[in-house]
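Contents: one structure, followed by commentary.
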Amino acid sequence: MTAPTKIALITGGSRGIGAATARVLAHQGYRICINYRDNLQAATVLQQELLAICEHVVIKQADVAQESEVVELFEYIDEHLGTITALVNNAGILKQQCRLQDLTAERINEVLLTNVTGSFLCAREAVKRMSTALGGQGGAIVNVSSAASYTGAPQEYVDYAASKGAMDSMTKGLSLEVAAEGIRVNSVRPGCIYTDMHADGGEAGRVDRLAPLIPMQRGGQPEEVANAIAWLLSDEASYATGTFIDLAGGR
Ligand code: NAP
């Protein structure tokens, strides 16, 4: 009997942790959709790299904060790859470091819209296609949360931390909602990982500054997160749902 086709969407898959995850899944034989928001060049370069090891790799621009674009993204996957079996809710943003007293409603809403609403919308579209109660074949979802959900990210971005706290609640609630419908929902919570994201907070060297404070005395690499995501998606994690893997060097 041939194994069922594994089809993955990685939101924000063009750079950082998402790109590392795409590489791991490509080596594992998935068909892959790399979603991105702005940077077409990064997505294209990664697509070309992965096509050397994987026959089916598509890239699709969509802002996960926009409901209509999320719907289009999933329809694009239906058409070009087949029915999704794995969702990595990875797209996420943070803004300039500051204290809560300096946050504006506009900024808070922007962070929540991408990190929380975007993840909910993608999970919704995935569940519609995966749920055995709705005629689907099951699947797995991994939410990329953050250690910030339990540290709170004081003096940096409490809004971002709170968005990850919301994702953690979603992981738990959704995992229970669909546990008997063939869908597993889990989460990874990375600590300080070497990606471009820290520059968006105004401190490109943040990981090196914090490394001495991390029990393992170093920052993490995107691949160290990607491997955990791939494991949670895999059949090796077949009895795991509603769980969190902290990848934060002991924090
Ligand atoms: P990154 O290097 O900044 O990459 C972000 C990716 O997300 C890019 O592909 C970007 O697309 C995409 N993106 C951003 N907003 C989007 C939107 N609205 N719709 C669709 N795609 C969007 O980030 P990263 O560090 O790899 O972070 C990935 C995830 O890990 C995030 O959820 C983040 O919160 C989480 N995380 C990161 C760390 C860390 O230390 N790096 C720690 C804990 C958790 P473009 O290329 O088009 O801009």
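In each ligand, atom 1 is the first atom listed, and ligand 1 is the first ligand listed.
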Practice problem: With sequence neighbours left out, write down each residue that passes salt bridge (Lys or Arg N to Asp or Glu O under 4.0 Å) with E224, or none if nothing qualifies. | Solution: R218

Quiz prompt | S146/R189 under side chain to side chain contact (heavy atoms under 4.5 Å, CB included): CA gap, chis, key distance, verdict | solution = CA-CA 4 Å; S146 171; R189 294 191 293 202; 5.8 Å; no

Quiz item: More than 12 foreign heavy atoms under 6.0 Å from CD of Q96: is that the case here?
Solution: yes

Quiz item: How would you list, by chain and number, every residue that makes a ring pair (Phe, Tyr, Trp, His ring centres under 6.0 Å) with Y76, sequence neighbours excluded?
Solution: H80

Quiz prompt | Partner set under side-chain hydrogen bond (donor to acceptor under 3.5 Å, both in side chains) for S131, not counting sequence neighbours | solution = E181

Quiz item: Just checking, is any N or O donor in the side chain of E203 or Q97 under 3.5 Å from an acceptor N or O on the other one?
Solution: yes

Quiz item: Who are the residue neighbours of ligand 1 when the rule is a heavy atom under 4.0 Å from any of its atoms?
Solution: G12, S14, R15, G16, I17, N35, Y36, R37, D38, N39, A62, D63, V64, N90, A91, G92, I93, T114, V144, S145, S146, Y160, K164, P190, G191, C192, I193, T195, D196, M197, H198

